[in-house]
2 protein chains.
Amino acid sequence: MIGDADDRPDLGAMLVRLARSLLVVEKPILEAHDISMWGYAVLTALRDEPMRTQTALARSIGADKTRIIAILDELQRRELIDRDPDPADRRVRLLRLTASGRAVQSEAQAAIRAAEATLLDQLPPPDRQAFLQALVTLDNAAA
Amino acid sequence: MIGDADDRPDLGAMLVRLARSLLVVEKPILEAHDISMWGYAVLTALRDEPMRTQTALARSIGADKTRIIAILDELQRRELIDRDPDPADRRVRLLRLTASGRAVQSEAQAAIRAAEATLLDQLPPPDRQAFLQALVTLDNAAA
DNA sequence: TATTGTTATACTCTATAACTATA
DNA sequence: TATAGTTATAGAGTATAACAATA
């Protein structure tokens, strides 16, 4: 284990702390754009591709299908998403962003990324790139 | 922003997902050692140094002072910690690990570290070191 | 009066199960 | 019968405020 730098906090402890501090920073940003954390997660998931069922959307953002219903109600009411029954199978709801929803997601994400940059600026640029790359790798592996 | 690799999930999203998946992996490990997540956090904080007040301990692990009371009750009942009134100021409780508490923390941490290694093994060793180093830097900065 | 620890309460988040409507 | 969506309920986790003991 020589050189393994084991004299550090547990990985889980550091990740939980960092995740929590990021959520604290991002909360007021999302509030400024008048959306919730889950609302933002939904908009971001739908930006990449429309979804054919609410269950699939829920799973893609790591939520329960019952948990996103109130979120979808709100997003639909504000006309940020379309949510239409599929004519081919009237049980399912076709979900996609409206132009307005796409704009809100884009603006919120820009603000989020700027806040992230403030944190990441504490790493020298090469370390920063390596960190993000490793994070993406682990994120894909964990999924 | 050339070369900034912005085509990735938000930093917060990745950190939350990774933190959650680590908690899922670690939960059965801690259960096998018959301690809770917060119990483990308390034992680990006290391993590094005894604490003079419960409030200080709570803050050091990012918890509320009211939230650790049941945890301390349990740890004390099982004789994993000592929790004695300070003769110099009878309001405060002096907190430190017992020999037994130190052993439980040590065994649990070894198991936790082994589980972490399984995840980290998905990174090439040099990337792994860089990732951990960056994480420690950000963790210190965020505190 | 200020502080430590404690208790009580309420609030948020989440998980589970039961219901409807379609297939 | 099986599935998508919905609703209702209960549970866990958390935050806030009030209280007792001590300084």
Side-chain angles (χ1 to χ4, degrees), chain A residues 12-13 15-17 19-24 26-28 30-31 35-42 45-46 49-77 81-96, chain B residues 12-13 16-17 19-24 26-28 30-31 35-42 45-46 50-77 81-96:
Chain A
L15 287 175
V16 167
R17 270 197 295 270
R20 182 158 49 180
S21 72
L22 258 172
L23 290 182
V24 167
E26 295 180 356
K27 191 176 174 191
L30 292 176
E31 280 172 357
I35 50 179
S36 68
M37 203 86 61
W38 285 111
Y40 177 69
V42 166
L46 291 179
E49 47 175 357
M51 301 240 177
R52 222 186 68 84
T53 74
Q54 296 182 181
T55 302
L57 170 62
R59 193 169 39 225
S60 82
I61 62 174
D64 191 274
K65 66 173 179 173
T66 66
R67 224 158 68 201
I68 64 170
I69 290 182
I71 312 293
L72 294 177
D73 289 346
E74 164 83 2
L75 293 176
Q76 182 181 25
R77 187 185 63 71
I81 62 170
D82 283 328
R83 188 197 200 185
D84 302 310
D86 182 348
D89 183 345
R90 307 256 316 282
R91 292 175 303 180
V92 317
R93 304 277 178 274
L94 302 176
L95 302 165
R96 57 191 161 81
Chain B
V16 167
R17 270 196 295 268
R20 183 159 49 181
S21 73
L22 258 172
L23 291 182
V24 168
E26 295 181 357
K27 191 177 174 189
L30 292 176
E31 280 172 359
I35 51 179
S36 67
M37 203 86 62
W38 285 112
Y40 176 69
V42 165
L46 289 179
M51 300 240 177
R52 222 185 67 83
T53 74
Q54 296 182 183
T55 301
L57 170 62
R59 193 169 39 224
S60 82
I61 62 174
D64 191 274
K65 66 172 178 174
T66 65
R67 221 157 70 200
I68 64 170
I69 291 182
I71 312 293
L72 294 176
D73 289 346
E74 165 84 1
L75 293 176
Q76 182 181 25
R77 187 185 62 73
I81 62 170
D82 284 328
R83 189 197 200 184
D84 303 310
D86 182 348
D89 182 344
R90 305 255 317 281
R91 291 174 304 179
V92 318
R93 304 275 176 277
L94 302 175
L95 303 165
R96 57 192 161 81

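Because the structure is a prediction, the values reported are computed rather than measured. Just so it is clear: chains get the letters A, B, ... in the order the sequence lines come, proteins before strands, and each one is counted from 1.
- Between the C1' atom of dA20(D) and the CD atom of Q54(B) lies a distance of 15 Å, rounded to the nearest Å.
- R93(A) and Q54(A) share no donor-acceptor pair across their side chains, judged by distance under 3.5 Å alone.
- No side-chain heavy atom of D82(A) sits under 4.5 Å from any side-chain heavy atom of L95(A).
- Remark: R83(B) CZ is packed, more than 12 non-hydrogen atoms of other residues, nucleotides or ligands lying under 6.0 Å away.
- For dT3(D), its base sits under 3.5 Å from the side chain of R91(A) at one donor and acceptor pair at least.
- Between L94(A) and P50(A) there is no side-chain heavy-atom pair separated by less than 4.5 Å.
- An OP1 or OP2 oxygen of dT14(C) is reached within less than 4.0 angstrom by a side-chain nitrogen or oxygen of W38(A).
- The CZ atom of R59(B) sits 9.5 Å away from atom CE of M51(B), with the distance rounded to the nearest 0.5 Å.
- Side-chain atoms of R93(A) lie closest to dT6(D) of the nucleotides dT6(C), dT6(D), dT22(C).
- If you measure from atom CZ of R90(A) to atom C1' of dA2(D), you get 18 Å, rounded to the nearest angstrom.
- Of the residues in residues 59-77 of chain A, those lying under 4.0 Å from DNA chain D by heavy-atom distance are K65(A), T66(A), I69(A).
- Residue D89(A) places its side chain closer to dA23(C) than to any other of dA23(D), dG5(D), dA23(C).
- By the 4.5 Å heavy-atom criterion applied to side chains, V92(B) and T55(B) are not counted as neighbours.
- A straight line from CG of L57(B) to P of dT6(C) spans 12 Å, rounded to a whole angstrom.
- Between R83(B) and dT6(C), a side-chain N or O to OP1/OP2 separation shorter than 4.0 Å is present.
- The distance from atom CG of L95(B) to atom P of dT4(C) is 13 Å, rounded to the nearest whole Å.
- Atom P of nucleotide dA23(D) and atom CG of D86(B) are separated by 9 Å, given to the nearest angstrom.
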